[in-house]
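This report concerns only the one structure given below.
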Amino acid sequence: MYKGLVQLPETKYLGFGIMMPWENNLEIQFGLWQQAVDFKKIEALKELCGSEQAIGIFCYRCDEKTQTFSYHIACENKNKAVSAEFEELKIDAGTFAQFENTCQNFSDRFKAYNDLCDEIWGKWLPNSDYISLIELETLGSVEGYASLEVYKTGNPTAVPYQFEILLPVKRKS
């Protein structure tokens, strides 16, 4: 579950994504990954970027009026590639709280993801000295930050389902 705080440098990514509702969005997220795997879009993105891993970028954009946020599948753009097909995303340097979870059955992945989110938002954040830079209902998202989802197997369609969430945070005032 909670692994500690890490400092990450500014990182540029290329990716593709969609806007989705704040509520009941896991099926949409995982559906985007499944389509990307099926159509080999992730492999093309990795090759273009010179990256070995694709990640999920949660809440790069937030629209409070429509109660939607963005979800992207992206790769670190190590090749500094330019593409009309993929969007450039930049995550600013900062402090990220690192959380991990695993499940062995594909059918348990929603529960594993939700359990980790419950730990982050329901337990760790309220009891820590930090606030999230992503607060959909009150702040939207802070420009240049997003939550990063790293899937150890390369994508959330594989088992064992091992993943980490890196949440951008800052000390409470």
Side-chain angles (χ1 to χ4, degrees), residues 1-20 22 25-26 28-34 36-37 41-43 45-46 48-62 68-81 86-103 109-110 112-125 128 130-136 139-158 160-171:
M1 298 291 206
Y2 175 66
K3 295 296 183 184
L5 297 173
V6 295
Q7 297 296 315
L8 297 179
E10 176 184 284
T11 307
K12 292 184 179 177
Y13 296 90
L14 282 182
F16 55 93
I18 57 175
M19 294 296 287
M20 64 177 70
W22 290 356
N25 52 50
L26 277 181
I28 298 169
Q29 275 178 239
F30 292 143
L32 182 64
W33 279 95
Q34 188 63 58
V37 168
K41 198 167 186 174
I42 293 172
E43 293 308 315
L45 183 60
K46 286 179 184 179
L48 178 66
C49 293
S51 184
E52 295 175 14
Q53 183 174 41
I55 66 168
I57 298 181
F58 175 90
C59 202
Y60 187 76
R61 289 188 189 84
C62 180
T68 58
F69 66 89
S70 65
Y71 187 85
H72 290 83
I73 296 172
C75 288
E76 182 178 348
N77 192 1
K78 295 178 179 182
N79 288 342
K80 298 179 180 158
F86 299 113
E87 178 181 359
E88 184 174 301
L89 308 155
K90 180 181 70 96
I91 303 296
D92 290 338
T95 302
F96 289 74
Q98 181 181 25
F99 302 86
E100 292 183 338
N101 204 2
T102 301
C103 73
R109 66 193 166 129
F110 288 164
Y113 189 95
N114 283 326
D115 287 350
L116 191 54
C117 288
D118 289 346
E119 178 174 323
I120 293 168
W121 300 100
K123 296 176 185 169
W124 186 82
L125 271 172
S128 76
Y130 293 87
I131 61 169
S132 167
L133 294 177
I134 301 170
E135 290 287 346
L136 296 180
L139 302 174
S141 57
V142 175
E143 184 80 18
Y145 291 100
S147 180
L148 308 177
E149 299 176 354
V150 180
Y151 296 94
K152 305 294 182 174
T153 56
N155 70 70
T157 64
Y161 180 64
Q162 301 171 299
F163 65 103
E164 69 180 13
I165 293 177
L166 297 157
L167 180 72
V169 295
K170 71 174 186 174
R171 281 204 175 271

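Please read all numbers here as calculations on a predicted model, not as lab measurements.
Ring geometry for Y151 versus F30: interplanar angle over 60°, hence perpendicular rather than tilted (30 to 60°). A parallel orientation is assigned to the rings of F163 and Y113, their planes being inclined by less than 30° (bins at 30° and 60°).
Using modelled atom types, no side-chain atom of D118 and backbone atom of G122 make a donor-acceptor pair closer than 3.5 Å. With S51 contributing its side chain and C49 its backbone, the two residues share no donor-acceptor pair below 3.5 Å. The closest donor-acceptor contact from the side chain of Q162 to the backbone of C103 lies at 3.5 Å or more, if one exists at all.
Between Y130 and W124, some side-chain heavy-atom pair lies under the 4.5 Å cut-off. Between I165 and F58 the shortest side-chain heavy-atom distance does not fall below 4.5 Å. Within the 4.5 Å cutoff, side-chain heavy atoms of E88 are placed close to those of L14. Between Y71 and I28 there is no side-chain heavy-atom pair separated by less than 4.5 Å. At least one side-chain heavy atom of M1 sits under 4.5 Å from a side-chain heavy atom of L116.
Side-chain atoms of Q98 and E164 form a donor-acceptor pair, as typed in the model, at a separation below 3.5 Å.
From I55, atom CD1 reaches atom CD1 of I91 across 7.5 Å, with rounding to the nearest 0.5 Å. One distance of note links CG of L8 with OG1 of T95; it measures 8.5 Å at 0.5 Å rounding.
Between A146 and F96, the closest heavy-atom pair is O-CE2, 3.7 Å. Of all non-hydrogen atoms in A112 and N101, the two that sit nearest each other are O-ND2, 3.0 Å. For the pair A54 and I73, the tightest heavy-atom approach, listed with the atom from each and the gap, is CB-CG2, 4.1 Å. The nearest pair of heavy atoms linking L48 to N79 is O-ND2, 3.1 Å. The two residues Y145 and P168 make their nearest non-hydrogen contact at CD2-CB, 3.8 Å. Minimum interatomic distance between K46 and Q53 (heavy atoms only, all atoms of both residues): CE-CA, 4.1 Å.
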E10 and K90: salt bridge (charged side-chain N to carboxylate O under 4.0 Å, His left out), yes or no, with the steps?
CA-CA 7 Å; E10 176 184 284; K90 180 181 70 96; 3.7 Å; yes
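In this structure, K41 satisfies the cation-pi test against F16, with its NZ or CZ atom closer than 6.0 Å to the six-membered ring centre and inside 45 degrees of the ring normal.
Residues passing the side chain to side chain contact (heavy atoms under 4.5 Å, CB included) test with S70, sequence neighbours excluded: M19, Y60, R61, H72.
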